Number of protein chains: 2
Amino acid sequence: MKQITKYVIKNSLKRIFLYRACLARLKMMGVEKVFSYTLANDTGVTPDQVRKDFSEFGIRGNKRGGYEISDLLEKMENIFHRNKDHNIVLIGMGNLGLALSKYSKFVQRNMNIVATFDIDPFKQKIRSDIPVYSMSRLKEIIDRFRIKVAILAVPEISAQQVSDELVRAGIKGIVNFAPVLLKVPPEVVINNVNLCDELESVIYYVHKLMQDEGLKNLEILYKDMKY
Amino acid sequence: MKQITKYVIKNSLKRIFLYRACLARLKMMGVEKVFSYTLANDTGVTPDQVRKDFSEFGIRGNKRGGYEISDLLEKMENIFHRNKDHNIVLIGMGNLGLALSKYSKFVQRNMNIVATFDIDPFKQKIRSDIPVYSMSRLKEIIDRFRIKVAILAVPEISAQQVSDELVRAGIKGIVNFAPVLLKVPPEVVINNVNLCDELESVIYYVHKLMQDEGLKNLEILYKDMKY
DNA sequence: TATTTGATGTGAAACAAATCACAAAATATG
DNA sequence: CATATTTTGTGATTTGTTTCACATCAAATA
Ligand SMILES: NC(=O)c1ccc[n+]([C@@H]2O[C@H](COP(=O)([O-])OP(=O)(O)OC[C@H]3O[C@@H](n4cnc5c(N)ncnc54)[C@H](O)[C@@H]3O)[C@@H](O)[C@H]2O)c1
Ligand SMILES: NC(=O)c1ccc[n+]([C@@H]2O[C@H](COP(=O)([O-])OP(=O)(O)OC[C@H]3O[C@@H](n4cnc5c(N)ncnc54)[C@H](O)[C@@H]3O)[C@@H](O)[C@H]2O)c1
């Protein structure tokens, strides 16, 4: 009945995030306008790609004049629904969960962890701005705040079971830090973040690079690791 | 002089990690053999893809007989240099750094954080299995342990400066958790992990899914979010 | 206002990745 | 031992993504 839905975020979307981060920085520096090649230079992609990506997401500038940064950012905010607040829950207040609950960038981007949950009564006593609830109150809180997205930071062994609970409680998207492939119904979005794999990837590429040094191979590597 | 090298790990490599995780689990369960469709079922890709990926990484099974799990895992260990130990350093023992330093999966996969560093003398007093050094000892330790890979968990504002220090000390690969694009020489591999983006991606896809429900759009979404 | 300049936006072309289709090989079966 | 069956491995094909090339438009200039 349950099926695997293991997703990889599209590269063009990742690049849009990149552009946005860059634009936000430029805006802070007082810059008002950009051209596709400005963004390209700053993010390491080609100007063509910037424009194609914008085209894909329906973002348009004005010919000759480039793009108005505020305008561009506003359009992106709309695309990503960043003008509204997003309430999130976090399950598992262990090492990782605790760190994530303290991460201020989430709030800065309007993503509020409004509640955290843990099976361990001891964890429920953590003094923190965000309340730590017992798992029995999961559905109640998710319903009350109309929460659709959860961060899962429980041990591998409990991940599937907690994921099932989340889906039953109405969660539609999960950022999963446990190194397991969750089985969820097809209408639930899973984004697996596997930090071991991220580290291993780097080790893999570093080895590849050191094995056969020289520019020829650098180029091959670059092909392998496209932006 | 410095240039941006912002990489995205190739999807085929990500899938190999997926297969390996699956194989490890099957092995633990006492299974000895797999077919491409076994792996495919478990990981949500197609059997063709599994075989093509194996082909790309030079892994071969035997016709009709499928693949011997131990053999397969050994081949993968070789590809990923997992038979040897990998010494790593971690910079920034704040919320995230502390969590990462306690993550046992790194050790299980032969990736040992042998030293951590922090600018804050208070952090250097953290009682932990892994020593916390002052930044002044960075080069000394990196040289002593012949370390090539670092995890960067310092604030956004210091990330570039610390990255420069790491590169000067001989680091060739960095997993960067700060939401900035580091400028490094082309022979240094950067893997940016941006948890805000990961969360936002999920919000984006959940919205997309809810906006226009129904199976037709589910299919479109799947195209957007390929395995 | 006409002309030049410079950047966008987008089809077309080139390239890359995934799927298909089937020959080849290993095993099972009669 | 010949034949049927099953699964791999890989060219061929399709599908998707990036790069190229240039028409188009907006602004600057004369
Ligand atoms: N620590 C890290 O840096 C790190 C890095 C990457 C991935 N991860 C992954 O994140 C997850 C958490 O890692 P961690 O190091 O924080 O582990 P941890 O053991 O420190 O924390 C896990 C927390 O989950 C709680 N928990 C256990 N079962 C539960 C359940 N059924 N319902 C609710 N809560 C439950 C525990 O009480 C604990 O507080 C693991 O899957 C791990 O593999 C951790
Ligand atoms: N907390 C999280 O869950 C989280 C999640 C994703 C990304 N991040 C990113 O990871 C980084 C660290 O986040 P955090 O929450 O752990 O922050 P933090 O402030 O808790 O920790 C940062 C640590 O880096 C140390 N530091 C500062 N400047 C330094 C320097 N020049 N050299 C060495 N050490 C230095 C500080 O003393 C501190 O201990 C940030 O870039 C953040 O954006 C954090």
Side-chain angles (χ1 to χ4, degrees), chain A residues 4 6-19 23 26 31-69 71-72 75-76 79 219-227, chain B residues 4 6-19 23 26 31-69 71-72 75-76 79 219-227:
Chain A
I4 285 173
K6 193 259 158 196
Y7 303 115
V8 173
I9 306 304
K10 231 186 164 187
N11 286 340
S12 60
L13 180 58
K14 286 199 184 167
R15 286 194 303 267
I16 293 275
F17 284 130
L18 221 68
Y19 306 146
L23 288 165
L26 289 171
V31 186
E32 285 177 3
K33 267 181 170 183
V34 280
F35 302 113
S36 57
Y37 60 79
T38 326
L39 272 177
N41 266 341
D42 278 20
T43 53
V45 304
T46 65
D48 302 309
Q49 182 105 69
V50 173
R51 296 203 302 278
K52 253 289 193 281
D53 287 339
F54 281 6
S55 171
E56 181 185 335
F57 286 88
I59 294 169
R60 352 196 67 235
N62 40 322
K63 306 211 171 182
R64 173 101 202 220
Y67 307 84
E68 195 92 25
I69 291 186
D71 181 48
L72 214 44
K75 275 174 182 157
M76 289 187 180
I79 291 169
E219 270 159 35
I220 292 166
L221 186 68
Y222 288 160
K223 272 221 172 309
D224 261 26
M225 300 180 69
K226 64 168 184 186
Y227 298 99
Chain B
I4 286 174
K6 193 259 158 196
Y7 303 116
V8 173
I9 306 303
K10 229 186 166 191
N11 286 340
S12 59
L13 180 57
K14 286 199 186 166
R15 286 194 302 268
I16 293 277
F17 284 130
L18 220 68
Y19 305 146
L23 288 165
L26 289 171
V31 186
E32 284 176 4
K33 267 182 171 179
V34 279
F35 303 114
S36 58
Y37 59 80
T38 326
L39 272 177
N41 266 341
D42 279 20
T43 54
V45 303
T46 63
D48 301 310
Q49 183 103 70
V50 172
R51 296 203 301 277
K52 253 285 192 295
D53 287 338
F54 281 5
S55 170
E56 182 185 333
F57 286 87
I59 294 170
R60 351 196 67 237
N62 42 320
K63 307 213 171 182
R64 173 104 202 219
Y67 306 83
E68 195 92 26
I69 291 187
D71 180 48
L72 213 44
K75 274 175 182 155
M76 289 187 178
I79 291 169
E219 271 157 35
I220 292 165
L221 183 70
Y222 288 162
K223 272 223 175 305
D224 261 25
M225 300 180 69
K226 65 170 182 182
Y227 296 100

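Just so you know, these numbers come straight off a predicted model, no measurement behind them. Hydrogens, waters and symmetry mates play no part in the numbers below; they use all other heavy atoms, side chains included. Note on naming: letters A, B, ... go to the chains in the order of the sequence lines (proteins, then strands), and numbering restarts at 1 for each one.
- A donor-acceptor pair is defined here as one N or O able to donate and one able to accept, closer than 3.5 Å; such a pair exists between the side chain of Lys75(A) and the backbone of Arg60(A).
- Asp42(A) has its side chain within reach of Leu26(A): a pair of non-hydrogen atoms, C-beta onward, lies under 4.5 Å apart.
- In this structure, Ser36(B) does not reach the dT7(D) phosphate: none of its side-chain N or O atoms is under 4.0 Å from OP1 or OP2.
- An OP1 or OP2 oxygen of dG9(C) is reached within less than 4.0 angstrom by no side-chain nitrogen or oxygen of Ser55(A).
- Rounded to a whole Å, the CD atom of Glu68(B) is 15 Å from the C1' atom of dT7(D).
- Taking 4.0 angstrom as the limit, Arg51(A) places none of its side-chain polar atoms (N or O) nearer than this to OP1 or OP2 of dT19(D).
- A salt bridge links Glu56(B) with Lys10(B); the closest basic N to acidic carboxylate O contact falls under 4.0 Å.
- Residue order along DNA chain D, read from the 5' end via each residue's closest nucleotide, puts Phe54(B) first among Phe54(B) and Arg64(A).
- Within 4.0 Å (heavy atoms only), Gly65(A) reaches no atom of the nucleic acid at all.
- If you measure from atom NZ of Lys75(B) to atom C1' of dT8(D), you get 12 Å, rounded to the nearest angstrom.
- Here the side chains of Leu39(B) and Phe54(B) are in contact, with some heavy-atom distance below 4.5 Å.
- Qualifying salt bridge (Lys or Arg N to Asp or Glu O under 4.0 Å) partners for Lys52(A), counting only residues two or more places apart in sequence or in other chains: none.
- Put simply, NZ on Lys10(A) is 9 Å from C1' on dT17(D), counting in whole angstrom units.
- Between Lys52(A) atom NZ and dG11(C) atom P the separation is 7 Å, expressed in whole Å.
- The residue among Asn62(A) and Asp48(A) whose nearest nucleotide of DNA chain D is located toward the 5' end is Asp48(A).
- Atom-to-atom, CZ of Phe35(B) to C1' of dT8(D) comes out at 11 Å; the value is rounded to the nearest Å.
- Applying the 4.0 Å criterion to OP1 and OP2 of dA26(C), one finds that Tyr67(B) has every side-chain N and O outside that range.
- OP1 or OP2 of dT19(C) has at least one side-chain nitrogen or oxygen of Gln49(B) nearer than 4.0 Å.
- In this structure, Lys33(A) atom NZ and dT8(C) atom P are separated by 11 Å, rounded to whole Å.
- When the side-chain nitrogen and oxygen atoms of Arg15(A) are compared with OP1 and OP2 of dT18(D), one or more of them lie within a distance under 4.0 Å.
- When rounded to the nearest whole Å, the span between OH of Tyr37(A) and C1' of dG6(C) equals 8 Å.
- Rounded to a whole Å, the CZ atom of Arg60(A) is 11 Å from the C1' atom of dT24(D).
- No contact: Ser12(B) has no heavy atom under 4.0 Å from any strand.
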